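Beneath this line is the structure, given in structure tokens, with notes to follow.
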Amino acid sequence: MVARTHVCGADDGLEERPVVAVAGGRAFTFRYAETLEMMRARGLEPVVFDPVRDRELPAGTGALYLGGGFPEVHARSLAANTSLLAQLRDAVTSGLPTVAECAGMLYLLEAVDGHRFSGVLPATAAMSPRLTLGYREAEAPSDTLLADAGTRVRGHEFHRTLTTPAAGDGEGGGHAAWLLDAGADGFSAALGSGSEPTVHASYLHTHWAGHPELADRFAAATHRAAGPGLVATTLLSLPRPGVDARADAALPGAATPGDEHHGDAELGDGLVDFAVNVRASSPPANLRHALRGVLDEAAHYPDARTATDAVAAHHRLAREQVLLTNGAAEAFTLIARALAPRAPVVVHPQFSEPDAALRRAGCPARAHVLDVRSGANLGDADVAALGGADLVVLGNPTNPTGVLHPRAQLEKLRGSGRVLVVDEAFMDLVPGESESLIGGDMTGVLVVRSLTKTWSIAGVRAGHVVGDAALIATLRAQQPHWSVNSLALEATRYAMTAPAARRVAEWAEETSQWREHLDRGLRSRGVPVLASAAPFVLARVGAGAHAAWRDAGFATRRADTFPGLDGSWVRLAVRDPLTTDALLTAYDAFRQSGEAAS
């Protein structure tokens with residue numbers, strides 16, 4: 001019963017989306033808009049049907065979502081639609097992945113107030129004089145369609161019905177879906193021929209945006225049920241916290257985003273920060289003064305025109321070639337949603353956001369991993385291997401390697417029908433920005449820039465994407481109004497001024513000197529270090545060094561979440577020589593303890 005609609009602009013025979021039938025109409029009026037958005041972002045295609053009027057499920061339904069509403073009010077009409085009830089009962093009892101919340105759960109019961117419904121679950125319901133209303137903390141008592149055992153969520157109840165029995169009894173009704181303060185609630189059942197739960201029915205309404213792991217698990221089950229196909233074999237669910245995604249998601253040919261672990265997760269009270277690439281602990285005084293002045297105008301909506309013109313002038317581009325963004329992360333989200341590539345490739349090692357954005361847009365990327373042992377340089381063989389991609393994303397200099405690819409080599413990645421996206425978040429700290437792809441003919445090229453690290457404004461989120469004017473217009477059409485706040489606009493305007501540019505040039509020279517000091521210190525200790533042009537280095541310090549440094553009071557960035565790297569590598573932010581020497585002394589103590597592994 002599985003149909004697939006085309007996804008990401010795919011041609012016939014390429015990626016398609018399994019259909020999720022979503023109950024709507026006058027009897028099922030409540031669902032969160034984000035629930036459908038999250039389905040689409042995970043490669044599913046929600047199609048709304050009306051259980052009162054429609055005589056059958058949407059063509060080729062591959063999963064079922066029954067939300068909230070008032071089926072008891074429309075019980076007579078729902079019960080009269082016997083052809084739909086029979087088809088739905090056959091589909092769900094055959095193992096169709098099904099989520100049913102409150103009204104949806106009632107629709108799966110044998111009867112409500114004497115009106116016969118689908119009979120999927122061995123229980124009945126009746127109206128009561130008491131309104132059950134309130135927020136609930138819930139825990140999954142066992143593995144279910146939506147959650148691993150022990151998963152805790154927050155949701156709400158709103159109903160006047162009572163079910164008999166009130167929850168799964170371990171036989172025909174399976175087990176309870178949730179454990180609430182008041183006891184067991186709902187039904188979790190494994191129907192069809194398999195042993196995995198296929199039905200999750202409960203009074204509890206959960207907002208998937210607050211608990212994305214529920215959406216991940218539902219999407220994964222739906223793709224498995226869909227059988228072989230490009231989406232089913234390449235879509236990556238977000239991994240469970242604490243689990244290495246490469247070991248947890250063995251999906252051949254798919255890009256591995258790590259566990260979306262970011263450097264700020266490494267920080268802690270009293271730790272010296274070598275984990276995060278933010279240049280300083282606070283913005284420079286002149287920028288702080290400029291940002292404080294913006295607060296006087298905070299009652300006005302943001303106006304991006306002045307900052308946009310400043311970026312255009314700084315890069316010698318037309319204003320139509322510039323789009324300001326809420327940091328680099330928003331740029332990648334807009335690129336994924338607006339371009340919907342058929343065959344995207346992300347060049348690794350690379351940080352997780354490009355992969356995550358493409359995955360959320362239903363366009364999971366293939367990974368191309370550069371050989372770290374030979375320096376992680378982009379060679380002609382790598383260029384040839386990317387020949388089938390219609391979107392290529394890579395960094396320059398790349399996070400986490402710091403490798404700076406020659407512009408001439410990047411130019412080889414351009415091609416008819418392909419969009420080349422280069423993340424230049426750290427290019428401003430490369431003296432002279434010698435290998436930047438900004439400028440000249442930018443047809444088919446988008447370059448992403450971020451101000452957050454260099455200007456120490458990670459909490460403000462300021463970035464921009466520049467390039468092909470037609471592509472920029474496509475991205476702009478996807479961006480929400482006022483996406484970039486007034487503080488970020490002022491920071492952007494300020495950073496494009498001539499005095500600010502001179503200040504950044506000074507920082508770039510200083511960063512190069514400090515990086516050389518760190519590089520020499522590591523190499524003198526026999527530590528392999530990749531040649532970096534960024535404000536960080538990637539070093540193979542040995543298994544256990546990351547934890548030993550933390551015990552000694554230093555936060556460093558683990559690298560095993562980056563494809564192509566393992567636990568023997570760490571990324572180290574560039575700091576002043578005195579602070580770097582303290583880090584190296586702690587490493588000497590670790591080595592002397594004999595804990596380092598080869």
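Nothing here was measured: the structure is a model prediction, and the numbers come from that model.
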Distance col, row Thr124:OG1 vs Arg116:CZ, nearest 0.5 angstrom, shows 10.0 Å
Check whether any side-chain heavy atom of Leu339 lies under 4.5 Å from a side-chain heavy atom of Leu334, and answer yes or no. no
Which heavy-atom pair separates Glu266 from Thr556 by the least distance, and what is that distance? CD-O, 3.1 Å
Could you check Leu36 against Met39 for side chain to side chain contact (heavy atoms under 4.5 Å, CB included), going step by step and ending with a plain yes or no? CA-CA 5 Å; Leu36 305 193; Met39 289 182 191; 4.2 Å; yes
Given the rule in the side chain to side chain contact (heavy atoms under 4.5 Å, CB included) test, do Val421 and Leu391 qualify, once you have shown the distances and angles that lead to the verdict? CA-CA 7 Å; Val421 179; Leu391 175 76; 3.6 Å; yes
Near Arg76 CZ, under 6.0 Å, is it more than 12 heavy atoms from other residues, nucleotides or ligands? no
With a 4.5 Å heavy-atom cut-off, do Thr325 and Gln479 have their side chains touching? yes
I'd like to know whether CZ of Phe158 has more than 12 heavy-atom contacts from other residues, nucleotides or ligands below 6.0 angstrom. no
Return the CE to NE2 distance between Met38 and His211, rounded to the nearest 0.5 Å. 10.5 Å
Could you tell me if the side chain of Asp273 sits less than 4.5 Å from the side chain of Ser281, heavy atoms only? no
Tell me yes or no: between the side chains of Glu213 and Thr151, is some donor less than 3.5 Å from an acceptor? no
Within the supplied structure, the quantity of interest is the number of heavy atoms (other residues, nucleotides, ligands) at a distance under 6.0 Å from Arg476 CZ; does it exceed 12? yes
Whether the side chain of Gln87 engages the backbone of Leu57 through a donor-acceptor N/O pair (distance < 3.5 Å, no angle test) should be reported. yes
For Phe70, does the CZ atom have more than 12 heavy-atom neighbours from other residues, nucleotides or ligands under 6.0 Å away? no
Grab the two heavy atoms, one from Ala488 and one from Val484, that are nearest each other, plus how far apart they are. CB-CG1, 3.6 Å
So does Pro58 get a backbone contact from the side chain of Thr61, meaning a donor-acceptor N/O pair under 3.5 Å? yes
Note: Thr29 and Arg26 closest approach over all heavy atoms is CG2-O, 3.5 Å
Main-chain N/O of Ala343 paired with Asp390 side-chain donor or acceptor, under 3.5 Å: yes
Do side-chain atoms of Asp113 reach the backbone of Met127 as a donor and acceptor pair under 3.5 angstrom? yes
Are the side chains of Asn81 and Ser83 in touch, meaning some heavy atoms are under 4.5 Å apart? yes
Between Asn277 and Lys453 (side chain of the first, backbone of the second, donor and acceptor by atom type, cut-off under 3.5 Å), is there such a pair? no
Could you tabulate the donor-acceptor pairs under 3.5 Å formed by side-chain atoms of residues 91-109, not counting sequence neighbours?
{"residue": "Thr93", "atom": "OG1", "partner": "Arg89", "partner atom": "O", "Å": "2.6"}
{"residue": "Thr93", "atom": "OG1", "partner": "Asp90", "partner atom": "O", "Å": "3.3"}
{"residue": "Ser94", "atom": "OG", "partner": "Asp90", "partner atom": "O", "Å": "2.6"}
{"residue": "Thr98", "atom": "OG1", "partner": "Leu96", "partner atom": "O", "Å": "2.9"}
{"residue": "Glu101", "atom": "OE1", "partner": "His205", "partner atom": "ND1", "Å": "3.4"}
{"residue": "Glu101", "atom": "OE2", "partner": "Thr206", "partner atom": "N", "Å": "3.3"}
{"residue": "Glu101", "atom": "OE2", "partner": "Thr206", "partner atom": "OG1", "Å": "3.0"}

Might you work through the side chain to side chain contact (heavy atoms under 4.5 Å, CB included) test for Val153 and Leu204, ending with a clear yes or no? CA-CA 10 Å; Val153 302; Leu204 192 70; 4.1 Å; yes
Ignoring hydrogens, what is the shortest heavy-atom contact between Leu146 and Arg217? Give both atom names and the distance. C-CD, 3.2 Å
In Å and rounded to the nearest 0.5 Å, what is the CZ to CD distance from Arg461 to Glu330? 10.0 Å
Can you find a heavy atom in the side chain of Arg40 that is under 4.5 Å from one in the side chain of Arg17? yes
Between the CD1 atom in Ile335 and the SG atom in Cys363, the distance rounded to the nearest 0.5 Å is 12.5 Å
Short side-chain donor-acceptor distance under 3.5 Å, Asn399 and Arg571: yes
Minimal non-hydrogen separation, Pro18 against Thr222, with atom names: CB-CG2, 4.0 Å
Given side chains that start at C-beta, do those of Leu84 and Phe49 come closer than 4.5 Å, heavy atoms only? yes
With Trp178 via ring pair (Phe, Tyr, Trp, His ring centres under 6.0 Å) - residues at least two apart: His200
Rounded distance [0.5 Å steps], CZ in Arg42 versus CZ in Phe218: 11.5 Å
More than 12 foreign heavy atoms under 6.0 Å from CZ of Arg154: is that the case here? yes
Just wondering, do Leu180 and Tyr203 contact through their side chains at under 4.5 Å, heavy atoms? no
Would you check, one step at a time, whether the test side chain to side chain contact (heavy atoms under 4.5 Å, CB included) holds for Leu78 with Phe28? CA-CA 11 Å; Leu78 290 168; Phe28 294 89; 4.2 Å; yes
So do Ile457 and Leu487 actually touch side chain to side chain, heavy atoms under 4.5 Å? no
Within this structure, what is the CG-OG1 distance for the pair Leu64 and Thr198, rounded to the nearest 0.5 Å? 11.0 Å
Taking all non-hydrogen atoms of both residues into account, name the closest pair between Ala462 and Thr452 and its distance. N-CG2, 3.4 Å
